[in-house]
Peer 1: 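Structure incoming, see below.
For the numbers below, each heavy atom of this structure counts, side chains included, while hydrogens, waters and symmetry mates do not. For ligands, and for the atoms within them, numbers begin at 1 and follow the listed sequence.
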Amino acid sequence: MTPHSHIAILGAGPGGYVAAIRAAQLGARVTVVEKEKLGGVCLNWGCIPSKALLSVVELGDKLKKSDELGLVLQGSAAYDLARMVARKDKVVASLVKGIATLFKEWGIEHIIGQGTLKNERTIAVTKPDGSQVDIQADVLVIATGSSWPNLPQFPIDGRQILTSQQMLALTQVPVSLLIVGGGVEGCEFASLYSALGTQVTVVEVQSRVLPLEDEDISSVMERELKKRGVTVLTGTTVESLEQLSDTVRARFKDDSAVSVEKLLVSVGRGFNSRGIGLEQAGVRIGPRGEIPVDDRMETNQPGIYAIGDVTGKAMLAHVASTQGQVAVENILGHRRTIRYDVIPAGIFTLPEIGRVGLTEQQARERTQMSGKNPDQSVNVGRFRYGGLGKAQATGDITGFFKVIAETGTDKILGVHILGAHAADLIHEATLAMQVGATVAQVAGMIHAHPTLAEGLMEAMEDVRGSAIHAIRKKAGG
Ligand code: FAD
């Protein structure tokens with residue numbers, strides 16, 4: 001493609017809108033079709049709104065310790081969910097406006113409407129007033145994202161049985177809440193609503209909450225949720241639901257039951273690949289409903305690319321944005337790929353979690369599969385927040401750093417952090433993994449004092465049992 005090609009993008013979430021801006025920066029003519037709001041799920045109903053609310057309860061947690069810190073409050077602090085939600089809406093609106101401004105700056109055409117692929121080069125758009133327009137382009141990029149699940153056993157009605165999108169709009173704190181699914185979203189909402197005073201129950205079919213995270217992270221998260229009064233039920237699921245006038249009664253596998261005011265369905269998301277004309281355009285859909293792509297983000301149909309959640313890779317906003325840049329850079333003659341083994345992620349629970357790379361369990365399984373002894377090929381270093389001067393000074397002593405390394409090569413395989421600012425702290429480890437730095441190199445790098453980042457340095461040191469501010473490791477221990 002020449003730099004002046006016309007690229008049409010379907011969907012303006014963090015995948016689509018970032019792809020549009022990068023394509024315009026590289027000189028392409030860009031048209032974006034979006035049926036709802038610029039920014040997609042992330043900005044309007046996901047990452048940003050949930051974090052806007054969570055930031056308030058984080059502050060509330062801190063204020064609870066004010067007496068201990070020597071900050072004397074006159075009167076008591078109380079949450080006003082309606083005002084929290086109004087502020088959250090303002091934050092979202094200003095960010096959405098920011099994207100519209102960027103589109104204008106870069107000369108990106110934004111068409112509001114529902115788009116369907118008519119053929120390999122055309123998107124047919126139905127505008128809100130019912131009128132139709134065809135967009136013909138040299139290349140198409142599908143960035144339609146994912147949707148809240150529609151499961152017959154959990155009939156979402158927006159009143160008693162809700163999606164996270166609906167939960168984020170509530171202006172009254174429910175007395176009780178059952179969260180079905182103890183994954184990232186479930187645990188974030190459990191943190192939020194338990195802090196607001198709701199009696200929260202989380203039910204997770206796997207044997208632990210956050211089942212995709214490192215086991216140590218899951219077990220500390222479960223402990224922290226329980227400390228907040230959350231009832232955590234693992235290894236079970238909802239067998240039946242009964243909707244009464246003002247409560248929902250959920251019965252579990254072991255015949256126990258709970259009656260709650262609201263139920264949040266937090267069990268996975270579906271790919272937005274159906275009903276958008278992929279068949280007409282000859283684009284293959286995978287077994288899970290995802291759109292398979294190669295490392296340049298191109299689908300099986302030359303000239304049609306797909307990015308973001310709909311590709312079924314990592315369902316994270318920053319992955320969608322990176323995929324968007326990779327797609328248009330490849331379209332416009334550059335060569336760029338993504339390293340899916342070095343993707344950082346933040347989980348905005350109380351406390352926060354940051355992770356990159358393999359869990360300890362994955363690292364051990366991997367070495368076992370390659371015929372090595374997992375006990376000898378994987379080294380683990382740990383360090384507690386409580387051992388850090390900065391954590392003691394700020395009172396953020398809950399949490400730990402964990403480094404998983406390969407014996408012999410000293411290669412960093414994964415890093416997991418639970419504690420204050422974990423989602424920010426994870427990026428030093430991500431950079432180290434990205435450039436192939438060893439455990440010794442990160443441990444040997446001077447870290448400013450007093451900072452929480454020193455915890456990563458100490459955990460790296462601990463891989464060899466030489467963390468300075470930790471109890472001496474016994475031989476063989
Ligand atoms: P989306 O954001 O889903 O955007 C797709 C866009 O396409 C939508 O705007 C949609 O209206 C539009 N569209 C779809 N079909 C059509 C059509 N036919 N015509 C026109 N327009 C169409 N990720 C993180 O990285 N960090 C977080 O903290 C985080 N928190 C989250 C919290 C919640 C509660 C949820 C639900 C998700 C969270 N995520 C988080 C995930 C993140 O929101 C997604 O990974 C991200 O939004 C995916 O971006 P996308 O561009 O692929 O798709």
Peer 1: With only distance considered, is D309 within less than 3.5 Å of ligand 1 through an N or O on each side?
Peer 2: yes
Peer 1: To the nearest 0.5 Å, what is the distance between CG (L264) and CG (L178)?
Peer 2: 8.5 Å
Peer 1: What is the nearest protein non-hydrogen atom to atom 8 (C) of ligand 1, stated with its residue, atom name and distance?
Peer 2: E34 OE1, 3.5 Å
Peer 1: One residue to check: C42. Relative to ligand 1, which of side chain, backbone, both or neither has a non-hydrogen atom less than 4.0 Å away?
Peer 2: both
Peer 1: With heavy atoms of G308 as the reference, note each atom of ligand 1 found under 4.0 Å away.
Peer 2: 52 (O)
Peer 1: By number and element, which atoms of ligand 1 are closer than 4.0 Å to a non-hydrogen atom of S146?
Peer 2: 3 (O)
Peer 1: What residue among R355, R223, K402 forms salt bridge (Lys or Arg N to Asp or Glu O under 4.0 Å) with D216?
Peer 2: K402
Peer 1: Counting only heavy atoms, which portion of L168 has something under 4.0 Å from ligand 1: side chain, backbone, both, or neither?
Peer 2: neither
Peer 1: Taking the non-hydrogen atoms of G113, is any one of them nearer than 4.0 angstrom to ligand 1?
Peer 2: yes
Peer 1: Could you see which bit of A345 sits under 4.0 Å from ligand 1, with heavy atoms only: side chain, backbone, both or neither?
Peer 2: neither
Peer 1: List ligand 1 atoms under 4.0 Å from M315, heavy atoms only on the residue side.
Peer 2: 41 (C), 45 (O)
Peer 1: Tell me: protein heavy atom nearest atom 7 (O) of ligand 1, and distance?
Peer 2: G11 CA, 3.3 Å
Peer 1: About how many Å separate CG of L53 and CG of L81, when rounded to the nearest 0.5 Å?
Peer 2: 7.0 Å
Peer 1: Under a 4.0 Å N-O cut-off, is there an ion pair linking D295 with R335?
Peer 2: yes
Peer 1: Which atom pair, heavy atoms only, marks the closest approach of V230 to A190?
Peer 2: CG2-O, 4.2 Å
Peer 1: Quick one: does Q165 get a heavy atom under 4.0 Å from ligand 1?
Peer 2: no
Peer 1: For atom 36 (C) of ligand 1, which candidate among K35, E185, M167 holds the nearest heavy atom?
Peer 2: E185
Peer 1: Please list the nearest protein heavy atom to atom 30 (N) of ligand 1 with its residue and the distance rounded to 0.1 Å.
Peer 2: K51 NZ, 3.2 Å
Peer 1: Among all protein non-hydrogen atoms, which one is nearest to atom 3 (O) of ligand 1, and what is the separation to 0.1 Å?
Peer 2: V41 CG2, 3.3 Å
Peer 1: Return the residue, atom name and 0.1 Å-rounded distance of the protein heavy atom closest to atom 53 (O) of ligand 1.
Peer 2: G145 CA, 3.2 Å
Peer 1: Are N272 and S147 close enough that a side-chain donor and a side-chain acceptor fall under 3.5 Å?
Peer 2: yes
Peer 1: Does the N or O separation between G115 and ligand 1 drop below 3.5 Å for any pair?
Peer 2: yes
Peer 1: Output the distance between atom OG (S321) and atom CG (L316), rounded to the nearest 0.5 Å.
Peer 2: 10.5 Å
Peer 1: Which atoms of ligand 1 sit under 4.0 Å from any heavy atom of L316?
Peer 2: 23 (N), 24 (C), 25 (O), 45 (O)
Peer 1: Starting from atom 4 (O) of ligand 1, find the nearest protein heavy-atom neighbour and note its residue, name and distance.
Peer 2: G13 CA, 3.5 Å
Peer 1: Locate the shortest heavy-atom distance separating S259 from R249; write the atom from each residue and the value.
Peer 2: OG-NH1, 3.4 Å
Peer 1: For Q323, is the nearest heavy atom under 4.0 Å from an atom of ligand 1?
Peer 2: no
Peer 1: Check this for me, if you would: do E222 and R208 make a salt bridge, where the nitrogen-to-carboxylate-oxygen distance has to be below 4.0 angstrom?
Peer 2: no
Peer 1: Quiz question: by atom type and distance under 3.5 Å, do the side chains of E261 and S176 form a donor-acceptor pair?
Peer 2: no
Peer 1: For T359 and H416, which I'm curious about, is there any donor-acceptor pair between the side chains at under 3.5 Å?
Peer 2: no
Peer 1: Between R121 and D138, does at least one N-O distance fall below 4.0 Å, as a salt bridge requires?
Peer 2: no
Peer 1: Between D309 and S146, is there a side-chain donor-acceptor contact under 3.5 Å, judged purely by atom types and distance?
Peer 2: yes
Peer 1: With nothing but distance in play, are any N or O atoms of F348 less than 3.5 Å from an N or O of ligand 1?
Peer 2: no
Peer 1: Taking non-hydrogen atoms only, is A320 closer than 4.0 angstrom to ligand 1 via side chain, backbone, both or neither?
Peer 2: side chain
Peer 1: On the 0 to 90° scale, with breaks at 30° and 60°, tag the W45-W148 ring pair as parallel, tilted or perpendicular.
Peer 2: perpendicular
Peer 1: What is the minimum heavy-atom distance between L210 and S218, and which atoms define it?
Peer 2: O-OG, 2.9 Å
Peer 1: List ligand 1 atoms under 4.0 Å from H318, heavy atoms only on the residue side.
Peer 2: 25 (O)
Peer 1: Indicate yes or no: does K127 engage D129 in a salt bridge with an N to O separation below 4.0 Å.
Peer 2: no
Peer 1: Within ligand 1, which atoms have a heavy atom of Q114 less than 4.0 Å away?
Peer 2: 18 (N), 19 (N)
Peer 1: Taking only heavy atoms of A143, which atoms of ligand 1 are found under 4.0 Å from at least one of them?
Peer 2: 5 (C), 6 (C), 7 (O)
Peer 1: In terms of residue, atom name and distance, what is the protein heavy atom nearest to atom 37 (C) of ligand 1?
Peer 2: G46 CA, 4.1 Å
Peer 1: In terms of residue, atom name and distance, what is the protein heavy atom nearest to atom 40 (C) of ligand 1?
Peer 2: C47 SG, 3.2 Å
Peer 1: Under 4.0 Å from a heavy atom of R269: give me the atoms of ligand 1 that qualify, with their elements.
Peer 2: 36 (C)
